[in-house]
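What follows is a short report on a single structure.
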Amino acid sequence: MKQIVLFNNKGGVGKTTFLMHLGYALEKSGKRILFVDADPQCNLTTYICDETQIENFWNSNNSIYSIVKPLISATGDIAEMHPYQKPGRNIWLLPGDLALSEFEESLSSAWVNVLAGREAGFRITSAFYRAIKTWSDANKIDFVLIDVGPNLGSLNRTILLGCDFFIVPLVPDLFSLRGLENIGRTFVTWIKDWQSAINRFSGVKSFIVQEGKPTFAGYLCQQFNIYRRRETVSWQIWTEKVPDAVNKNIIQKLREIDHTLVRDLNNGSFKIGDMRNYHSLAPKSQTYQKPIFELTSSDGIVGNHASIVQECKDEFDKLADIIIRNLSN
């Protein structure tokens, strides 16, 4: 089982849409997939489930918040996970919950204890990692795909320190490139602090904790426009700046502390793919709660849209193959 997070501290880069499509593509390739919605905005959950289902998850305490509720109330340790399985698919979802934002304060306080090497801090900070790993191992999950919000707060810190790999989706523009500076600098601090804290953890480890070594597995350029099958000029200018910015702000910084924190998936190019703007097909995908490449004529796919659906399928088949070949072991 490998945990993968798509992360950018700039919003609006299409990460939730991409994550959902990647998960379905991996499942179509024969893998068992667990989606985890760790964004209090719950965008991934609303993409996969309708409001009635989501209300039932919350009322029956089957959301991501339910796992840590005993820790928040100081009445116990993590609760058992009960993900929702998509009918007829090897796809499960741990639904998001707006109440998850309550856990931020607990995580902030726990980090102080982590830095001091105290067990209480590690127990709280490892909560999601322990719950996800226990359930995924028991259910033979191949890939856990985790959706997070666009920030560098304490919730994302604990999720990212628990993942095996992270991929950076970005729009080739000034703001995404600026955001790369924050990612590299912050991740280095988190990793160093966690490793130092583990060395000071003098208590008896009666529970597992994350290794705390999120490995960079590449980036994706998204939402560029195409005119006569070429990127429009304004996007092309920024696209050309991306490789150097990624190398300077993420790859070099991570390699300075541990060369294994960078994984080359594409023969020296850390760009593992594109996801272009599918315009009207994206909201249609959300309406029918299925990826674009599974839309059919019964969903209103006619004319030129049919060829775009096939192109989307081809793109994600290639990405799924890259992930399976390089990140399975």
Side-chain angles (χ1 to χ4, degrees), residues 1-27 29 31 33-39 43-44 47 132 142-152 156-157 159-172 176-177 179-184 186-188 190-191 210 213-224 239 242-243 245-255 260-276 291 315-329:
M1 180 272 294
K2 298 298 181 184
Q3 295 191 36
I4 301 174
V5 178
L6 264 68
F7 177 75
N8 193 322
N9 66 315
K10 177 189 180 297
V13 297
K15 64 177 177 55
T16 302
T17 299
F18 181 88
L19 189 78
M20 185 267 198
H21 281 70
L22 177 60
Y24 273 75
L26 288 168
E27 190 258 359
S29 296
K31 301 303 179 181
I33 305 301
L34 170 65
F35 286 113
V36 175
D37 193 347
D39 183 354
N43 291 325
L44 179 62
Y47 208 139
I132 292 169
D142 295 297
F143 291 101
V144 178
L145 302 181
I146 307 177
D147 196 29
V148 295
N151 63 73
L152 292 164
N156 282 354
R157 178 175 57 207
I159 294 294
L160 284 156
L161 284 173
C163 77
D164 296 292
F165 302 99
F166 72 97
I167 296 170
V168 178
L170 54 85
V171 174
S176 279
L177 267 62
L180 294 177
E181 298 178 20
N182 295 333
I183 294 174
T186 303
F187 276 39
V188 166
W190 287 350
I191 293 167
Q210 55 265 57
K213 291 187 176 182
T215 298
F216 176 64
Y219 70 91
L220 304 142
C221 281
Q222 299 190 18
Q223 297 183 354
F224 56 86
T239 298
V242 169
V246 169
N247 182 59
K248 175 184 177 181
N249 295 303
I250 298 181
I251 296 173
Q252 289 184 13
K253 284 184 168 59
L254 291 175
R255 279 180 169 166
T260 66
L261 293 177
V262 176
R263 181 71 65 90
D264 180 2
L265 307 189
N266 201 19
N267 299 319
S269 171
F270 290 91
K271 179 181 178 182
I272 60 175
D274 284 314
M275 183 177 176
R276 65 184 175 88
E315 288 176 3
F316 277 95
D317 283 348
K318 291 177 183 177
L319 285 166
D321 180 64
I322 289 173
I323 297 296
I324 292 168
R325 283 190 291 106
N326 292 280
L327 302 187
S328 293
N329 299 314

Could you list the donor-acceptor pairs under 3.5 angstrom formed between side-chain atoms of residues 245-252 and any protein atom two or more places apart in sequence or on another chain?
{"from": "Asn249", "atom 1": "ND2", "to": "Ala245", "atom 2": "O", "distance (Å)": "2.9"}

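Between atom CD1 of residue Ile132 and atom CD1 of residue Ile159 there is a gap of 5.5 Å, rounded to the nearest 0.5 Å. With rounding to the nearest 0.5 Å, the separation of CE in Met1 from CG in Leu34 is 8.5 Å. Distance CG/Asp37 to CE/Met20: 12.5 Å, rounded to 0.5 Å. Separation of atoms CD1 (Ile322) and CG (Asp317) is listed at 11.5 Å; rounding is to 0.5 Å. Here Leu160 contributes atom CG and Ile146 contributes atom CD1; the two are 8.0 Å apart, rounded to the nearest 0.5 Å.
No side-chain heavy atom of Pro243 sits under 4.5 Å from any side-chain heavy atom of Lys271. Taking 4.5 Å as the limit, every side-chain heavy atom of Asp164 sits out of range of all side-chain heavy atoms of Phe143. Side-chain contact check for Leu44 versus Leu145: every heavy-atom pair is 4.5 Å or farther apart. Counting only heavy atoms from C-beta outward, the side chains of Asp264 and Phe270 approach each other to under 4.5 Å. Ile183 has its side chain within reach of Leu180: a pair of non-hydrogen atoms, C-beta onward, lies under 4.5 Å apart. When side chains are defined from C-beta on, Asp321 does not count as touching Ser29, because their heavy atoms never get closer than 4.5 Å. The closest side-chain heavy-atom distance from Val144 to Ile4 is not below 4.5 Å. Taking 4.5 Å as the limit, every side-chain heavy atom of Asp147 sits out of range of all side-chain heavy atoms of Phe35.
In this structure, Lys31 and Ile324 approach most closely via the heavy-atom pair CE-CG2, 3.9 Å. Summarising the geometry of Phe7 relative to Gly149, their closest heavy-atom pair is CE1-O, 3.8 Å, with the distance given to 0.1 Å.
Legend: residues meeting ring pair (Phe, Tyr, Trp, His ring centres under 6.0 Å) with Phe18, ordered by chain and number and at least two apart, are Phe316.
Annotation: Phe216 is not in aromatic contact with Phe187 [ring centroid separation under 6.0 Å not met].
A donor-acceptor pair under 3.5 Å is formed between the side chain of Lys15 and the backbone N or O of Val148.
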### Query
Would Ile272 and Asn326 count as a side chain to side chain contact (heavy atoms under 4.5 Å, CB included) if you check the C-alpha gap in whole Å, the side-chain angles of each, and the deciding distance to 0.1 Å?
CA-CA 11 Å; Ile272 60 175; Asn326 292 280; over 6 Å; no
### Task
Starting from the C-alpha separation in whole Å, work towards a yes-or-no answer on side chain to side chain contact (heavy atoms under 4.5 Å, CB included) for Val188 and Leu254.
CA-CA 6 Å; Val188 166; Leu254 291 175; 4.3 Å; yes
